[in-house]
Amino acid sequence: MTFDHNRNDDGVSRRKVLECMTWAGTGVLWTLSGGVPRSLGIVGEAKAAQAASGLTFLQISDSHVGFHQPANPNALGTLEEAINKIKAEPVKPAFMIHTGDISHLSRPAEFDDADRIISQSRLDVHYVPGEHDFIDEEQKLYLDRYGRGTKGKGWYSFDAGGVHFVGLVNVIDLKPGGLGRLGNDQLEWLEGDLKGRSASTPIVVFAHIPLWVIYPEWGWGTEDSARALEYLKRFGSVTVLNGHIHQVMQKVEGNVAFHTARSTAFLQPAPGTAPAPGPLKVADDKLRSVLGIADVTFKRGQQRLAIIDTPLQG
Amino acid sequence: MRKRFAQCAVAVALQIAVVSALAKATPALGTETTVKIENFAFSPQRLTVKPGTTIVWENADDIPHTVVSTTKAFRSQALDTGDKFSFTFTSPGTHDYFCSLHPHMTGTIVVDASSSGNTASAH
């Protein structure tokens, strides 16, 4: 892993249009940027962002390798386009995170194909599983490949550039009628993992299903995430990165910034705008404008974190 | 009105005759009923059947789903688009199930020997 401590802060020029969602739900206010490029996820008065100066990493999500329905007959192809976009970035990111649904059906050939394409980025990749990666009852297909050195069913933490990263698994042992779930074992581990860390340490938590409740009617939320957020609330800068919903959404609550990334495979409807959250077919020439990647940057000397969502095209 | 009643009576009588004929011909086999998985929902969501009925779940979504009993009595593999899973219900009672990938999707099969027919359903 290489860290570019001398990077020029010229990222704005390559930043493309950022799209936000407008959706009003109970107690939630969404902002609309109207297509004006701007950075997202200002994390208020982070106490020690200086420790995180100049760290940029990539997030990709929901590659669904193996998906071949009309919403995108070639999900592997659009993943490759995303990786090519990452390779072409003027500043090499420190590493990449993948927030789950690598595969569509947890098939070994799908994981093989995903690995073959993603490894072309020549970046270290930190994965968390989506429900599509955990389809076999023992979750062996994912864990044998990506679970080395992790705890429980694949959760872990690591430090990079002064930031503490926590990868969580909220797609295991789901309960009838429920949402995403972390479970007691993982929550106890998280409490221990955070204990003793300085409140000024910037924290990035990433997991597949959003850790805030976006739309329970479609299962878009994590039923026991409040306990995780309780352990996180003493930290001055917390960023929560998720996937699963195949669209960009954000919320800032106190010191916690929540953000979901686009898929590299297909679009899903905005909450409540369709009978079900299934894949949304868009015109062929629009597909690449609804798929994309996210750059996340901790800026040197600035107490904020910027998340730039870039579509594959447009 | 009287005529309509007569027609209904004939239809019901025929149905009973057919069902009992089937039962006589193949006493070990029940009938088959389909539950469609569509728009992230089981349809019908609640179904009442006689013992021995085989339920066939068919996934019509572009996303895989599973059919998992809450008591672990049955569990499908992931059903891709167009895939089917079937289970024959022999013991009377209420059998709840859900999709383990999208747990907000729930369904119920009620097995009742005294139910009026093998495809009776209510939402």
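Order of the sequence lines fixes the chain letters, A, B, ..., with proteins taken first and strands second; residue numbering starts at 1 for each chain. Note that this is a predicted model, so its numbers are computed, not measured.
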Colleague: Which bit of A/Leu174 is near chain B, if near means a heavy-atom gap under 4.5 Å: side chain, backbone, both or neither?
Modeller: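 Its backbone and side chain both get close to chain B.
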Colleague: Are B/Ile63 and A/His104 close enough that some pair of their side-chain heavy atoms sits under 4.5 Å apart?
Modeller: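 Contact flag for B/Ile63/A/His104 side chains = yes.
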Colleague: I'd like to know which of A/Pro279, A/Gly180, A/Gly178, A/Gly130 tops the heavy-atom pair count under 4.5 Å against chain B.
Modeller: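 Of the candidates given, the most pairs with chain B belong to A/Gly178.
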Colleague: Heavy-atom pairs under 4.5 Å with chain B - which of A/Gly219, A/Gly278, A/Pro176, A/Ala276 has more of them than the others?
Modeller: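 Most heavy-atom pairs within the cutoff with chain B belong to A/Pro176.
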Colleague: Looking at B/Gln77, I want to see if its CD is surrounded by more than 12 non-hydrogen atoms of other residues, nucleotides or ligands under 6.0 Å.
Modeller: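 No, not enclosed.
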Colleague: Under a 4.5 Å heavy-atom cut-off, does chain A meet the side chain of B/Thr106, its backbone, both or neither?
Modeller: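 Only the side chain of B/Thr106 comes within 4.5 Å of chain A.
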Colleague: Which atoms of B/Asp62 are under 4.5 Å from chain A, going by heavy atoms: the side chain, the backbone, both sets, or neither?
Modeller: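 Both parts, heavy atoms under 4.5 Å.
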Colleague: Picking from B/Ala78, B/Pro64, B/Ala41, which has the most non-hydrogen pairs under 4.5 angstrom with chain A?
Modeller: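 The candidate making the most pairs under 4.5 Å is B/Pro64.
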Colleague: So for A/Leu179, is it side chain, backbone, both, or neither that comes closer than 4.5 Å to the heavy atoms of chain B?
Modeller: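 Only the backbone of A/Leu179 comes within 4.5 Å of chain B.
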Colleague: Could you tell me whether A/Lys153 atom NZ has more than 12 heavy atoms of other residues or ligands within 6.0 Å of it?
Modeller: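 Yes, because the 6.0 Å sphere around NZ of A/Lys153 holds more than 12 heavy atoms from other groups.
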Colleague: Other residues, nucleotides and ligands only: do more than 12 of their heavy atoms fall within 6.0 Å of NZ on A/Lys281?
Modeller: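 It does: A/Lys281 NZ has more than 12 such atoms within range.
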Colleague: Heavy atoms only: give me the nearest B/His104-A/Pro216 pair and the separation to one decimal.
Modeller: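 Looking at all heavy atoms of both residues, the closest pair is CB-O, 4.5 Å.
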Colleague: Does A/Asp284, at its CG atom, have more than 12 non-hydrogen atoms belonging to other residues, nucleotides or ligands within less than 6.0 Å?
Modeller: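 Check fails, neighbour count at 12 or below.
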